Amino acid sequence: MGSFLSFRGFILGLLCLNVSVGFVIGIGVNWGTQDTHAIPPATVVKMIKDNGIQKVKLFDADYNILNALSKSGLQVMVGIPNEMLSDLSKSVAAAENWVAKNISSHVSNGVDIRYAAVGNEPLLSTFNGSFLTTIFPALQNVQSALIKAGLSNQVKVTIPLNADVYDSGSSDKPSDGDFRADTKDLMVEIVKFLSDNGAAFTVNIYPFISLYLNPNFPVDYAFFNGYSTPIDDNGKIYENVFDANHDTLVWALQKNGYGNLSIIVGEIGWPTDGDRNANLQYAQRFNQGFMTRIKNNVGTPMRPGPVDAYLFSLVDEDAKSIQPGNFERHWGLFYFDGTPKYQLSLGTANALVGASGVQYLAKKWCVLSSSANLDDPQVALSVSYACANADCTSLGYGTSCGNLDIKGNISYAFNSYYQIHDQLDTACKFPNLSTVTTSDPSTGDCKFRIMIQPYDTSSSSPNGRVRAPGKPVCIFLFVFVLLFTIM
Ligand SMILES: *[C@@H]1O[C@H](CO)[C@@H](O)[C@H](O)[C@H]1NC(C)=O
Ligand SMILES: *[C@@H]1O[C@H](CO)[C@@H](O)[C@H](O)[C@H]1NC(C)=O
Ligand SMILES: *[C@@H]1O[C@H](CO)[C@@H](O)[C@H](O)[C@H]1NC(C)=O
Ligand SMILES: *[C@@H]1O[C@H](CO)[C@@H](O)[C@H](O)[C@H]1NC(C)=O
Ligand SMILES: *[C@@H]1O[C@H](CO)[C@@H](O)[C@H](O)[C@H]1NC(C)=O
């Protein structure tokens, strides 16, 4: 029946298991910041705690976020973006500066930092080997810097890796697992280093991507509710791709002499929009199935017991690259504004607790005007401009707004642009086409959102935080230039 294992997440994934800790490990969450309108960090920290989440994983060392985590009681994994690996690999001094600024100062300020994550899926095949030579030296330098700062017992290094660094060849049995031939030597060096320093292997595992990439992937095998034709691997029974993927890693570690290395699931989750398999029902089913196992310390056939995992992700991020797919902006347990998406029992509570005190912009929307002429060539140009500069990933087949007619589609695009640009008057001036309304155009599951009040992140605006100022003048210029070109 072919190899399901070989369809494991290529792009995104998170799995964490830390067998070395005896007490309750709890659940973690990834806190990404690639959004146009962030909820204030203090509000997010409160929301995380209200939901009984114990750990957060960050993709960089955002000063305001780390400051908000001070004395919060939450454990923190601080990430180092891939773009910094080159500098960190070349000089211990650079790593020492990074540790001083982004670890030591926050630890002194009461932030409970447990991990420094060096790079983010640096060996992903889409990076074409760009970080192949820098990742290991960067890891070594950060570790040396932590030792020098006297923090190496408290703060452990790790590298969040995509599950594509290992596979089971053409077999579907975890026991055939090993590191992928082209990165095997490097992986063994990294694994030895992690082991020598009492650190853990961090892996991202994405059953959703298995389904997304392979239309023949058996849907039930992606979830945790049983599967009609389980894989029998020498008596170990696999009914879901998460277990099989995880244990393929356990076997790969074991074959290379590191069978006891702790594993952290760095990212695991399910998106809710932007693809026919990305919806509230599947996300609820997956995340609840996973959480029930976490709470019961079920583990996997090869590693029974507690699993150390970080859900992906906390809130939707409307400025993420959609290169992996339109679903990429919809991984949140919560919408961008901290509203829960579905019923999920994370800790003791049976339902997610939303963010409190979030401030919204005015209740108004930008839509296609009733007098607009749909044959106007500016319609297509305006829509593509709006979508390129805002977020249209909820439009299209199988999405939350997939049933809109052409007029609805146009209104959705205009409104997204208008909201992302803070409802500026000039952001609803699509020539002779748009108008502002106070009547909510949302229908059923298709929500025409109102943005939240922009939160000033000027003192720290790291990767990907898009805050394009509203410049509708560009629309006119753009349209005119195009019209003249056409004529
Ligand atoms: C600290 O982290 C931030 C965010 O990742 C980064 O921009 C900055 O360069 C780091 N500081 C040092 C001294 O490395
Ligand atoms: C990787 O290579 C492909 C094909 O050569 C190219 O299209 C892509 O832009 C490259 N990506 C990076 C991150 O260099
Ligand atoms: C793994 O741990 C077990 C139990 O603690 C021990 O018996 C075994 O020798 C360890 N194996 C390796 C490879 O360290
Ligand atoms: C609405 O827009 C989506 C995404 O751009 C497109 O796939 C769909 O065909 C459009 N629907 C109509 C009725 O034009
Ligand atoms: C808007 O429509 C009016 C009248 O139909 C026309 O004269 C004008 O050129 C249009 N404006 C733009 C920017 O297309």
Side-chain angles (χ1 to χ4, degrees), residues 14 28-36 38-42 44-45 55-70 72 74-122 124 127 130-131 134-152 154-161 202 204 266-267 310 312-315 317 319-321 455-467:
L14 177 158
V29 72
N30 282 270
W31 179 353
T33 55
Q34 297 186 52
D35 39 35
T36 64
I39 311 170
V44 177
V45 169
K55 300 173 293 185
V56 295
K57 177 168 169 284
L58 308 175
F59 292 92
D60 59 16
D62 184 310
Y63 177 84
N64 291 333
I65 288 178
L66 283 160
N67 207 34
L69 286 163
S70 166
S72 64
L74 297 169
Q75 297 181 9
V76 182
M77 182 185 291
V78 178
I80 298 178
N82 290 334
E83 299 69 54
M84 295 187 68
L85 294 177
S86 173
D87 284 351
L88 293 173
S89 72
K90 282 184 221 142
S91 122
V92 186
E96 285 170 1
N97 286 338
W98 185 86
V99 166
K101 173 94 193 307
N102 289 321
I103 300 284
S104 306
S105 65
H106 294 292
V107 168
S108 312
N109 188 32
V111 185
D112 185 4
I113 300 176
R114 299 295 180 100
Y115 294 99
V118 182
N120 186 36
E121 301 191 338
L124 203 61
F127 293 137
S130 306
F131 308 110
T134 51
I135 184 63
F136 188 45
L139 180 74
Q140 290 171 305
N141 287 345
V142 172
Q143 172 67 18
S144 303
L146 286 169
I147 292 171
K148 194 166 170 196
L151 288 169
S152 58
Q154 184 177 340
V155 182
K156 296 293 179 186
V157 287
T158 189
I159 304 174
L161 289 158
T202 301
N204 300 341
E267 299 180 11
Y310 295 78
F312 193 87
S313 124
L314 190 60
V315 292
E317 296 170 73
K320 282 193 93 172
S321 160
Y455 154 73
D456 184 13
T457 55
S458 49
S459 60
S460 70
S461 82
N463 59 349
R465 189 159 287 176
V466 178
R467 182 61 58 87

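Every number for a ligand or one of its atoms is a count from 1 in the order of the listing. Quantities reported herein were computed from a predicted structural model and do not represent experimental measurements.
- The side-chain heavy atoms of Pro122 and Leu161, taken from C-beta on, include a pair separated by under 4.5 Å.
- In this structure, the side chains of Val76 and Trp31 stay at 4.5 Å or more apart for every pair of heavy atoms.
- Atoms of ligand 1 found under 4.0 Å from any heavy atom of Asp60, numbered from 1 in the order shown, are 5 (O).
- Within the 3.5 Å criterion, the main-chain N or O of Pro81 finds no donor-acceptor partner in the side chain of Asn120.
- Residues Val56 and Ile65 fail the side-chain proximity criterion, which asks for heavy atoms closer than 4.5 Å.
- When each atom of ligand 1 is checked for a heavy atom of Ala61 under 4.0 Å away, the hits are 2 (O), 4 (C), 5 (O).
- The shortest N or O to N or O distance between Asn102 and ligand 1 is under 3.5 Å.
- For ligand 1, the atoms closer than 4.0 angstrom to any heavy atom of Met84 are 9 (O), 14 (O).
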